[in-house]
Amino acid sequence: MPIRRLSESIVNRIAAGEVVERPASAVKELVENALDAGARRIDVTVRDGGQSLITVADDGHGIPRDELALALERHATSKLPDDDLWSIATLGFRGEALPSVASVSRLTLASRPRGAAEGWKIAVEGGRLGGVEPAALSEGTRVEVRDLFFATPARLKFLKSPRTELDHAVDWVHRLAMAHPHVAFTLGDGARTPVRLSAALSRLDRLAQILGRDFAENALTIDAERDGVRLTGHASLPTLNRPTSREQYLFVNGRAVRDKQLLGAVRAAYMDFLAVDRHPVLALFLEVPPAAVDVNVHPAKTEVRFRDSGSVRGLIVGALKHALAAAGHRAATTVAGQTLASFRTGGYGGYAAPASLPRGMTEAAAAYQAPLMQAAPSLPPAAPEPSVETDVQPLGAARCQLHGTYIVAQTSDGLVIVDQHAAHERLVYERMKASLANGGIKRQGLLLPEVIELGETGAARLVERQAELAELGLVLEAFGQGAVVVREVPALLGQTNVSGLVRDLADELQELDQALSLKDRLADVCGTLACHGSVRAGRRLAPSEMDALLRQMEVTPHAGQCNHGRPTYVELKLADIERLFGRR
Ligand code: ADP
Ligand code: MG
């Protein structure tokens, strides 16, 4: 065969293979175009997972009539003003998206520039351009993509279920929406509208719209700079975590990226606070001088390359660690626990005036004294001194609960502080294991069955595992589209946050190998179940409940640490307390 030039339509179709991997990538490209056009409102439709129809309508600056045909030509763009690939300020720049999508679908591009009296449209089918015709539309642009991949049947075969493809499209719209909080977005499939985002006032508002109020209330604010690179955003406290890293959103100069190196930096920062199989929720935004980053690695533009990746990693790890260290008491207890451990191993000996105590100890002392003193007035006036038989009750007698989270117990020669949530989690795990081995887990019916909206993928995933979940004590069934109804829960959980539990499980199942039974992954599943049990942090416990928890801990194997490897309690001997006060 002689060498010949490939036709434009073949070239476009080859490019489409890279740019338009699946319907969601077409949605992404079209929404990016709308954002580049300065849209304040973007409405997306995705029918049959995007296979039969995708539309993206915006109120941006529009395309003049005489540029409509050009917009569909390969390598035609309005966005590379100085032909400078090192100073890219827009999401698009390659001039490939429209021609690529058009080459594998039936596409109509309609637009009415701002201030223009009328709109015009042009249609392309299998790469062949039609003529420009008048179109009725308000100011802005509307792209309609029908029968995506009809021209490339091989690609059609790789598409997942419409539900999964829709989920991918939703995910992309969410990502773009996070980076553009002031823009309003909707995404509907004709029947439902899984994305409905009004223009948000701030980035945190937008994140709350997408990730939930829970996130907004449990997020640390990140703001750091190094070598001209700025990192901002919000990251969850370690206590708000997920079984997968799916809810970690990373952006570089407003562009959503999925970069292994950056995800690795996040993992490193949280390493001391989370078990390897738990992941924080976060949205981080890097602002990098355009010349210090290359977004031109791949046509889909989701990979980036930094000139100094070590420095970027350092910035992320440092900023997150700093914010975590400055944050709440969950981290502080770990630190205190380590400090206390060093007391007992004799790392500190002899008398020292309190003023000269190492810093960590002084803080530990303060951390433990302050809450005790606050709690004192609410103790019963004449609480009898409990008699504790240390041999039988090494964890002592419960005296009070602090901050709805910690149980303070008096032992014969000191005190024990229990993290009730962590302890409970461990107990649930060990008991589930034992009951499974002994003929099954007891279930408890819900007075009111609870309906939980999960999106179609999540719901289907749970329903598929219905029988296995029932074995673990969780009885649920499908409820209309994208929801499940929960009828029974494992009895040993007590009062449960059913919706949080089921959501987490759905997440978890996504990661789980289909071939593995839930029993094989019991540790993970139980961890998720227990996380939503009755004794979770924040709940007030009656004295008898506190004592019951201590007694259970004493007879449960491995009760000294929770499923994530954190301690469930710390012990302070009287001798240690005396040292803290310089009495020894
Ligand atoms: P790129 O975005 O890389 O420039 P595209 O093929 O996505 O390439 O788009 C080609 C051109 O069409 C853009 O540069 C822009 O001028 C125009 N265009 C595409 N979509 C829109 C839109 N929604 N609003 C205004 N102009 C658009
Ligand atoms: Mg584009």
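Every value quoted in this text rests on a predicted model; they were computed, and no experiment measured them. Note that ligands are numbered from 1 as they come in the structure, with each ligand's atoms numbered from 1 the same way.
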Trainee: State, without any angle test, whether S311 and D227 hold a side-chain donor-acceptor pair at a distance under 3.5 Å.
Mentor: yes
Trainee: Which of these, V56, L72, L70, N33, has its nearest heavy atom closest to atom 21 (C) of ligand 1?
Mentor: N33
Trainee: Taking a cutoff of less than 4.0 Å between a non-hydrogen atom of the residue and any ligand atom, is G140 in contact with ligand 1?
Mentor: no
Trainee: Considering only heavy atoms of A71, which atoms of ligand 1 have at least one such atom less than 4.0 Å away?
Mentor: 10 (C), 12 (O)
Trainee: With a cut-off of 6.0 Å (strictly less than), are more than 12 heavy atoms of other residues, nucleotides or ligands near CZ of F479?
Mentor: no
Trainee: Which atom names give the shortest non-hydrogen contact between R47 and D189, and what distance separates them?
Mentor: NE-O, 3.4 Å
Trainee: Of L30, L109, T55, which is the lone residue that meets side chain to side chain contact (heavy atoms under 4.5 Å, CB included) with V145?
Mentor: L30
Trainee: Return yes when atom CZ of R196 has more than 12 non-hydrogen atoms of other residues, nucleotides or ligands closer than 6.0 Å, and no otherwise.
Mentor: no
Trainee: Between R106 and D147, does any side-chain N to carboxylate O distance fall below 4.0 Å?
Mentor: yes
Trainee: When rounded to the nearest 0.5 angstrom, what distance separates CZ in F251 from CD in E287?
Mentor: 11.0 Å
Trainee: Heavy-atom contacts with P99 under 4.0 Å: which atoms of ligand 1 show up? List them by number with element.
Mentor: 6 (O)
Trainee: When only distance counts, is L30 in polar contact with ligand 1, meaning an N/O pair under 3.5 Å?
Mentor: no
Trainee: Using a 4.0 Å heavy-atom cut-off, which part of A37 comes near ligand 1: side chain, backbone, both, or neither?
Mentor: side chain
Trainee: Would you mind running through ligand 1 and noting each atom that sits below 4.0 Å from a heavy atom of E96?
Mentor: 6 (O), 8 (O)
Trainee: Tell me the closest heavy-atom pair linking A268 and V317, and the distance in Å.
Mentor: CB-CG2, 4.2 Å
Trainee: Quick one: does S78 get an N or O within less than 3.5 Å of an N or O on ligand 1?
Mentor: yes
Trainee: Heavy-atom contact check, 4.0 Å cutoff: does G62 meet ligand 1?
Mentor: yes
Trainee: Which is it for L98 and ligand 1 at heavy atoms under 4.0 Å: side chain, backbone, both or neither?
Mentor: both
Trainee: With a 4.0 Å heavy-atom cut-off (strictly under), which part of D58 contacts ligand 1: side chain, backbone, both or neither?
Mentor: side chain
Trainee: Within this structure, what is the CG-CZ distance for the pair D308 and R226, rounded to the nearest 0.5 Å?
Mentor: 8.5 Å
Trainee: So for H61, does at least one of its heavy atoms come nearer than 4.0 angstrom to any atom of ligand 1?
Mentor: yes
Trainee: Go through ligand 1 atom by atom and flag the ones less than 4.0 Å from a non-hydrogen atom of T77.
Mentor: 1 (P), 4 (O), 14 (O)
Trainee: Are any N, O or S atoms from N33 nearer to the Mg ion (ligand 2) than 2.8 Å?
Mentor: yes
